[in-house]
Amino acid sequence: MTAASCIVLKPYKKEKVKKKNFDFGKRLQDLREKNLERRLREFKPSVGMKAEVEGKEILNFSSNDYLGLSRDFSVIEKAIEATKEYGTSCSASRLISGNNPLFHALERSLARWKGKEKALIFPSGFMAALASIPSLVGTSDLVLMDSLCHASLWEGARLSRATLRVFAHNEVEDLKKLLERYALKYERILVVTESLFSMDGDMAPLRELVELKERFEAYLLLDDAHGEGLLGEGGGGLATALGLAEKVDVILGTFSKALGSQGGYIAASQEVIEWMINTAKSFIFTTALSPSCMAAATSALDIVRSERGDLLRRKLRENICYFFEGISTSTFYYSPIIPVKIGSEEKAVRVSADLEKKGIYLPPIRYPTVPKGEARLRISLTALHDFDQIAYLKNALEKYLHC
Ligand SMILES: Cc1ncc(COP(=O)(O)O)c(C=O)c1O
């Protein structure tokens with residue numbers, strides 16, 4: 001008999017076990033009553049931006065595949081070739097035996113694209129955030145985060161156990177006040193923001209943020225998930241567009257938006273990347289990204305940086321301009337993300353369902369993705385939409401666009 005099988009469990013004393021509220025049925029009902037329940041629906045892509053949702057044909061305005069590259073024939077071919085050559089999985093973490101040759105080439109291209117020394121690939125952008133923030137800061141440090149940052153950045157900051165303070169969305173003055181208050185109290189301060197904000201489509205005031213972080217000797221992490229592929233020369237992203245790539249310490253990106261694939265990465269100095277390889281838990285303890293995703297991202301990146309990428313960006317810009325024709329707006333960004341703010345969760349669910357009856361797919365975006373009472377429809381335009389489809393959308397949404 002082994003030692004393990006000899007362990008005798010003491011009978012637990014019933015009266016000492018606290019009764020916990022595991023009543024998930026009731027908790028789900030609560031979500032339903034607040035119009036916050038989420039439900040998985042089968043979604044089958046067909047041609048261009050058309051798809052079938054539960055068997056009904058719809059026009060999709062909710063995709064992050066801004067340049068349409070997930071359906072590109074050459075990208076698909078590369079994914080198939082890589083699968084044939086290397087199999088469907090890397091079958092181990094990168095530090096064990098998963099460090100497939102595709103990583104090195106893609107990381108070199110990513111680093112060049114983002115204007116940084118090195119890049120490091122993770123299985124997703126979410127995991128890149130979970131890995132990088134705790135690797136950069138810890139218990140005795142401070143994270144200053146834009147209030148509208150993506151959930152992955154919040155989770156990364158919480159995991160780091162650094163003190164977390166929030167600055168009002170894109171409010172440089174607010175960030176400055178926090179830096180003034182805390183600069184002498186913390187040895188390391190990490191400022192975290194996004195380039196194109198995922199649910200609002202507006203842009204970070206990156207120049208001012210860089211000035212502040214330099215003045216207060218803080219570190220700056222920029223999540224460029226929605227800016228890359230679209231902004232700057234070769235689609236290099238917001239820091240590239242403003243000539244600030246060298247000054248932004250850490251750039252987070254993902255293959256899951258304009259690169260039409262899956263996977264995430266960090267671009268930074270060689271030292272930062274080496275530090276992450278040695279300390280980032282969701283890098284060390286996870287199976288390497290699959291060959292097909294890497295090959296797809298490599299091929300998509302080649303397109304994004306080429307003349308064809310310029311043509312796709314031009315088409316997307318034309319689509320954005322076409323959408324805004326006749327609509328007055330206080331600030332205009334060349335952003336494919338256009339929030340139509342509805343307010344109440346109940347109304348957002350209702351408007352979304354009405355649009356779906358007209359063949360337009362725009363799922364309601366609700367808490368906790370956005371703050372309570374700020375539910376919205378998040379339109380995302382792509383280079384694959386055509387003017388007729390956009391006109392149809394505008395027509396269906398008319399009363400919400402002009403209120
Ligand atoms: C701003 C932002 N950062 C990070 C992520 C995570 O990227 P991924 O889809 O690769 O996990 C997303 C995706 O939703 C995002 O919108």
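For ligands, and for the atoms within them, numbers begin at 1 and follow the listed sequence. These values consider heavy atoms only, across backbone and side chains, with no hydrogens, waters or symmetry-generated copies.
- Between Phe255 and Tyr265, the two ring planes are parallel [angle under 30°; tilted spans 30° to 60°].
- Arg94 forms a cation-pi arrangement with Phe103, by the criterion of a distance under 6.0 Å to the ring centre and an angle within 45° of the ring axis.
- A salt bridge links Arg308 with Asp72: at least one charged nitrogen is closer than 4.0 Å to a carboxylate oxygen.
- Interface atoms of ligand 1 facing Ser198, defined by a heavy-atom separation under 4.0 Å, are 16 (O).
- With sequence neighbours excluded, the residues satisfying side-chain hydrogen bond (donor to acceptor under 3.5 Å, both in side chains) with Asn319 are Lys315.
- With ligand atoms numbered from 1 in the order given, ligand 1 contributes 8 (P), 9 (O), 10 (O) to contacts under 4.0 Å with heavy atoms of Ser256.
- What sits closest to atom 14 (O) of ligand 1 on the protein, heavy atoms only, is Lys257 NZ, 2.8 Å.
- Between Asp30 and Lys34, at least one side-chain N (NZ, or NE/NH1/NH2) sits under 4.0 Å from a carboxylate O, which counts as a salt bridge.
- Here is the list of ligand 1 atoms found below 4.0 Å of a heavy atom in His226: 1 (C), 15 (C), 16 (O).
- Between Gly125 and ligand 1, a contact under 3.5 Å exists for at least one N or O pair.
- Side-chain atoms of Asp202 and His169 form a donor-acceptor pair, as typed in the model, at a separation below 3.5 Å.
- Atom 5 (C) of ligand 1 has its closest protein heavy atom at His150 CE1, 3.5 Å.
- The heavy atom nearest to atom 6 (C) of ligand 1, out of those in Phe255, Phe126, Phe122, is found in Phe126.
- For atom 3 (N) of ligand 1, the closest non-hydrogen atom of the protein is Asp223 OD2, 2.6 Å.
- The closest approach between Gly264 and ligand 1 stays at or above 4.0 Å for every heavy atom of the residue.
- Near Glu194, meaning under 4.0 Å from one of its heavy atoms, ligand 1 places the atoms 1 (C).
- A salt bridge between Lys84 and Glu81 is absent, with no side-chain N of the basic residue lying under 4.0 Å from a carboxylate O of the acidic one.
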